[in-house]
Amino acid sequence: FVAMPKRPLLRVNTVLMRTTAPHYPRLVATLAARGVDACTWNLLGGRDRPDYEPAERLSLAALARTLRALDRVRARLPATIRVQDSAAYRARQLDRLCGRPRPVADCAPGRDFAFIDEHGRIGPCSFTLDRHGLDLAEVNDLAALDALAARLGARRAAAPDPTCADCPSTQVFGKYAEPLAETRP
């Protein structure tokens with residue numbers, strides 16, 4: 001038996017960029033004091049706004065400073081809040097800043113995670129919906145849901161998406177994993 005929460009879980013995702021990163025550890029502490037259950041972070045991406053990203057791109061040194069400060073804050077947080085970022089997620093973000101691609105041969109689409117967009121498409125992630133996505137209406141019963149991972153995997157294998165050669169899909173790298181073991185009791 002698993003007790004259900006009496007209220008929805010409150011999770012906050014923050015985009016770290018040059019002007020926001022220095023404030024992130026303090027934001028996490030403030031959110032914890034206000035009852036937020038979990039915090040996550042992303043680096044500013046350049047896909048949506050390539051003209052904006054160069055000026056706001058976080059440097060390696062700035063990310064390292066932010067993560068050290070975050071770890072100090074995290075060590076003092078109550079057990080009721082989680083800062084979700086694994087060592088693998090942090091490594092992926094460092095690789096991204098350094099321009100090192102991270103190909104993913106098999107992201108296990110649909111097994112632990114699926115992305116649904118505002119157009120009713122479901123797929124492995126937001127980046128590959130055009131090639132790998134299915135119409136959500138096709139997932140209309142438990143059998144179709146049980147078959148989702150196999151169907152998405154087959155679509156991915158039959159027509160690999162170039163995006164997978166440098167996977168930007170953060171959940172693949174443990175974004176939603178438990179907090180780093182070395183920073184929580």
Side-chain angles (χ1 to χ4, degrees), residues 9-25 27-28 31 36-50 52-54 56-60 62-71 73-74 77 81-119 121-134 148-149 152-153 155-156 160-184:
L9 292 176
L10 299 174
R11 295 179 178 162
V12 174
N13 184 58
T14 303
V15 176
L16 299 183
M17 52 189 171
R18 188 183 55 75
T19 54
T20 63
H23 308 287
Y24 184 61
L27 174 64
V28 169
L31 293 171
V36 167
D37 299 298
C39 292
T40 58
W41 58 272
N42 288 9
L43 294 178
L44 176 67
R47 293 173 194 263
D48 296 334
R49 296 179 58 195
Y52 181 75
E53 196 265 348
E56 282 293 328
R57 183 181 186 87
L58 203 57
S59 70
L60 284 171
L63 179 59
R65 280 191 304 275
T66 299
L67 294 178
R68 283 192 305 271
L70 176 61
D71 288 341
V73 166
R74 186 192 327 240
L77 291 176
I81 184 170
R82 297 181 318 171
V83 178
Q84 295 178 290
D85 68 345
S86 66
Y89 180 73
R90 287 180 173 202
R92 171 57 179 129
Q93 299 313 313
L94 289 170
D95 281 348
R96 206 174 129 225
L97 285 178
C98 292
R100 290 187 296 254
R102 280 279 188 111
V104 171
D106 181 10
C107 63
R111 188 187 73 208
D112 296 323
F113 185 90
F115 182 86
I116 302 171
D117 74 359
E118 69 276 16
H119 304 291
R121 298 180 301 173
I122 185 169
C125 66
S126 63
F127 304 101
T128 61
L129 279 173
D130 290 338
R131 189 171 293 213
H132 301 152
L134 300 167
L148 180 63
L152 291 176
R155 290 176 72 87
R156 188 179 186 285
D161 193 292
T163 304
C164 301
D166 186 17
C167 179
S169 197
T170 56
Q171 78 280 352
V172 172
F173 299 99
K175 176 178 180 176
Y176 302 106
E178 290 302 312
L180 297 169
E182 62 270 21
T183 60
R184 287 294 280 208

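Every heavy atom of this structure was used, including side-chain atoms; hydrogens, water molecules and symmetry mates were not.
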Please report the interatomic distance [atom1]([X]) to [atom2]([Y]), rounded to the nearest 0.5 Å.
X	Y	atom1	atom2	answer
I122	H132	CD1	NE2	14.5 Å
L67	D85	CG	CG	7.0 Å
L10	D37	CG	CG	5.5 Å

### Task
Mark yes or no for whether R92, through its side chain, and G174, through its backbone, hold a donor-acceptor pair below 3.5 Å.
no
### Message
Closer than 3.5 angstrom, by distance alone: can the side chain of Q171 be matched with the main-chain N or O of Y176 as a donor-acceptor pair?
### Response
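Between the backbone of Y176 and the side chain of Q171 there is no qualifying donor-acceptor contact (under 3.5 Å).
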### Query
Which of parallel (below 30°), tilted (30 to 60°) and perpendicular (above 60°) describes W41 and Y89?
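Judged by the thresholds at 30° and 60°, the geometry between W41 and Y89 is perpendicular.
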### Query
Where do L60 and C98 land on the side-chain contact (heavy atoms from CB on, under 4.5 Å) test, with the steps shown first?
CA-CA 8 Å; L60 284 171; C98 292; 3.5 Å; yes
### Summary
In L44, L58, L70, the residue satisfying side chain to side chain contact (heavy atoms under 4.5 Å, CB included) with L16 is L58
Closest contact, heavy atoms only, [X] versus [Y]:
X	Y	result
R156	P109	CD-CG, 4.2 Å
V172	V104	CG1-CG2, 3.9 Å
S86	F173	OG-O, 3.2 Å
P124	F113	O-CD2, 3.7 Å
C164	T128	SG-CG2, 4.1 Å
D117	L129	OD2-CD1, 3.5 Å

### Query
With sequence neighbours excluded, what pairs up with R155 under the side-chain hydrogen bond (donor to acceptor under 3.5 Å, both in side chains) test?
none
### Message
Which residues pass the side-chain hydrogen bond (donor to acceptor under 3.5 Å, both in side chains) test with T163, not counting sequence neighbours?
### Response
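Per chain and number, T163 pairs via side-chain hydrogen bond (donor to acceptor under 3.5 Å, both in side chains) with D161.
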#### Entry: Heavy-atom side-chain contact between C39 and T14 under 4.5 Å
no
### Query
Is there a side-chain contact between K175 and N13, using heavy atoms and a 4.5 Å cut-off?
yes
### Query
For R57 and L97, what are the C-alpha separation, side-chain angles and deciding distance, and is it a side-chain contact (heavy atoms from CB on, under 4.5 Å)?
CA-CA 8 Å; R57 183 181 186 87; L97 285 178; 4.1 Å; yes
### Task
Go through the steps for D166 and R96 under the test salt bridge (Lys or Arg N to Asp or Glu O under 4.0 Å), then give the verdict.
CA-CA 9 Å; D166 186 17; R96 206 174 129 225; over 6 Å; no
### Query
Restricting to pairs with a member in residues 99-113, which pass side-chain hydrogen bond (donor to acceptor under 3.5 Å, both in side chains), not counting sequence neighbours?
D95-R100, D95-R102
### Task
Would you check, one step at a time, whether the test side-chain contact (heavy atoms from CB on, under 4.5 Å) holds for T40 with T170?
CA-CA 11 Å; T40 58; T170 56; over 6 Å; no
### Query
Are D71 and R74 close enough, and set up right, to give a salt bridge (Lys or Arg N to Asp or Glu O under 4.0 Å), and what steps lead you there?
CA-CA 5 Å; D71 288 341; R74 186 192 327 240; 3.4 Å; yes
